[in-house]
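Notes follow once the structure below has been shown.
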Amino acid sequence: MSLERPELAFPVELIRPDLRDFTGYSSARTSAPTGTPARVWLNANESGVPNPADADGASRRYPEPQPPALVEAFADLWATTPDRVVVGRGSDEAIELLVRSLCRPGGDAVVVTSPTFGMYAVSARLHGVPVIDVPQVDDEPRWGVDTEAVARAAREGGARIVFLASPGNPTGSVVPLREIARLTEALADQAVVVVDEAYGEFAAQRSAVTLLEEHPTLVVLRTLSKAHALAGARVGIALAHPDLTAVLRRVQAPYPLPEPVTELALRALAPAALEATGEHVGAVLRLRDQVGRWLRDLPGVRTVYASEANFFLIRCDDPEALLHTLGAAGIVVRDMRHLPGLDDALRITIGTGPEMAELRSALDRDGDAAATTSAASTPAPPRPTPTEESPA
Ligand SMILES: *Cc1c(COP(=O)(O)O)cnc(C)c1O
């Protein structure tokens with residue numbers, strides 16, 4: 001936060017023309033009267049008494065659209081200001097809000113860099129906007145985003161948003177900050193660059209949040225779903241220029257965060273919980289080193305990509321047999337074979353130490369079996385069809 005420097009402007013031309021003056025829904029909270037302090041709230045058709053299941057009445061009233069204490073806690077966590085924070089139902093909602101706020105339906109495109117998180121394309125498709133894919137370079141043991149090709153494709157395709165996941169899912173690779181800065185700069189008059197840092201806590205690189213003040217058209221997404229262990233709570237955050245967060249809030253549904261979720265998220269951001277989360281992340285990083293080493297030594301595993309996240313992307317000789325062995329042991333990993341160029345790939349989350357030990361003994365057994373018989377001759381477990389799969 002720099003009080004001395006004037007704020008750089010966000011280019012209003014990037015907002016959907018028909019939404020520039022849109023005020024959104026006026027909720028019971030945002031339209032609260034000012035002047036005399038309100039005491040008797042009869043404006044939202046809420047119940048006057050709590051539900052017996054909600055003894056202290058915490059959920060009796062509609063919540064704040066953007067609970068100030070939570071917004072402030074997130075601003076503190078990422079060393080930014082509350083006006084740069086939008087809280088919502090997971091990063092998924094933030095992605096959706098960005099597409100809806102910036103792309104004309106049926107018009108402006110978004111750029112993605114495959115292989116990547118599926119929700120960018122899903123949100124674009126639901127909004128009727130074209131998806132331009134600039135595939136990443138498979139530079140084993142890493143993946144690289146060709147930011148110059150991205151800039152060119154965004155220009156040619158008239159894109160309004162570039163989605164980069166860093167660390168990427170399923171690649172596990174980061175996009176260097178200086179490349180993010182350069183790309184954002186190069187497209188500043190045309191497109192917003194969204195850096196999805198769902199796995200940021202596991203990466204060595206600094207957060208792109210540190211670039212926000214210099215780059216008004218940069219957006220950073222964070223979540224409580226991964227390192228903070230609250231996937232079920234559905235809390236995601238967009239960090240952006242105050243003019244853009246104002247638009248996103250107006251486009252968002254009136255009461256995105258249920259009261260119990262806000263309370264849970266606030267507890268997760270209290271110092272003791274944050275410290276425990278930090279320790280847990282440290283444990284995952286140590287385990288990642290160990291698991292990476294023994295995965296690389298497995299005979300049937302051809303490639304283990306370097307990971308800056310809490311998972312490994314691997315290529316194997318016989319993914320079907322490996323899935324079968326793991327399935328028989330009750331272990332589920334993510335089949336990535338539906339993605340182009342990944343027809344031999346699986347993604348394995350770093351779980352607990354005991355879970356990783358189970359994984360290892362199942363894989364060692366698979367190696368033994370492959371040495372004696374053809375494991376592929378046993379019937380394979382059914383594969384989920386693409387429609388049954390969540391995009392995560
Ligand atoms: C898991 C994941 C998310 C998290 O989404 P939420 O809606 O916050 O749970 C976002 N982006 C990527 C790349 C992910 O892998």
Side-chain angles (χ1 to χ4, degrees), residues 70 74 77-78 85-100 110-124 126 131 133 135-136 143 145 161-175 180 192-203 205 207-209 218-240 248 252-253 256-258 261-262 264-265 268-269 277 281 284 288 305 307-313 332-336 338-339 342 345-351 389-392:
L70 188 58
F74 280 125
L77 184 59
W78 293 303
V85 176
V86 180
V87 198
R89 288 161 293 198
S91 321
D92 293 342
E93 186 185 29
I95 293 163
E96 180 117 3
L97 291 177
L98 285 159
V99 172
R100 280 198 273 153
V110 310
V111 177
V112 302
T113 61
S114 68
T116 191
F117 189 47
M119 277 313 291
Y120 315 136
V122 167
S123 285
L126 287 172
V131 177
D133 183 19
Q136 295 189 44
W143 294 81
V145 171
I161 305 179
V162 172
F163 283 108
L164 301 175
S166 178
N169 173 11
T171 64
S173 299
V174 295
V175 185
I180 292 170
V192 161
V193 173
V194 179
V195 182
D196 183 346
E197 294 186 334
Y199 303 96
E201 290 86 352
F202 303 105
Q205 173 170 278
S207 168
V209 171
L218 183 68
V219 176
V220 179
L221 304 183
R222 304 288 301 219
T223 180
L224 295 188
S225 295
K226 305 286 161 51
H228 293 268
L230 289 176
R234 310 304 305 126
V235 181
I237 305 91
L239 299 150
L248 298 178
Q252 192 171 33
L257 290 184
V261 168
T262 296
L264 178 60
L269 296 178
T277 296
V281 167
V284 170
R288 186 175 75 189
Y305 287 96
S307 174
E308 296 269 342
N310 65 339
F311 56 80
F312 279 109
L313 179 69
V332 184
V333 299
R334 193 61 170 250
D335 187 352
M336 303 310 296
H338 57 286
L339 293 182
L342 290 181
L346 307 175
R347 194 191 66 198
I348 305 175
T349 305
I350 313 289
E389 278 196 312
S390 76

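One-based numbering, in listed order, for ligands and for the atoms of each.
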So CD of Q136 and OG1 of T171: to nearest 0.5 Å the spacing works out to 5.0 Å
Output for pair (H228 NE2, L269 CG), nearest 0.5 Å, gives 7.0 Å
Side chain, backbone, both or neither: which part of [X] has a heavy atom under 4.0 Å from ligand 1?
{"X": "A198", "answer": "side chain"}
{"X": "K226", "answer": "side chain"}
{"X": "D92", "answer": "both"}

Answer yes or no: does an N/O atom from R89 fall short of 3.5 Å to an N/O atom of ligand 1? no
For this session: Output yes when the distance from some N or O of ligand 1 to some N or O of S91 is under 3.5 Å, and no in every other case.
Result: yes
Side chain to side chain contact (heavy atoms under 4.5 Å, CB included) with F202: of R288, E197, E308, only one passes, and it is R288
Sub-4.0 Å atoms of ligand 1 with respect to non-hydrogen atoms of [X]:
{"X": "G90", "answer": "6 (P), 7 (O), 8 (O)"}
{"X": "S225", "answer": "6 (P), 8 (O), 9 (O)"}
{"X": "N169", "answer": "13 (C), 14 (C), 15 (O)"}

### Message
Any side-chain to backbone donor/acceptor pair from S307 onto A309? Under 3.5 Å, distance only.
### Response
yes
**OP:** Give a yes or no on whether the backbone of P167 and the side-chain of Q205 come within a donor-acceptor separation of less than 3.5 Å.
**Re:** no
- Message: Would you say the rings of F311 and Y199 are close, in the sense that their centroids are separated by under 6.0 Å?
- Response: yes
Contact between ligand 1 and R234 is defined here as a heavy atom of the residue under 4.0 Å from a ligand atom; is it met?
yes
**Prompt:** Can you tell if the side chain of R222 reaches within under 4.5 Å of the side chain of L239, non-hydrogen atoms only?
**Reply:** yes
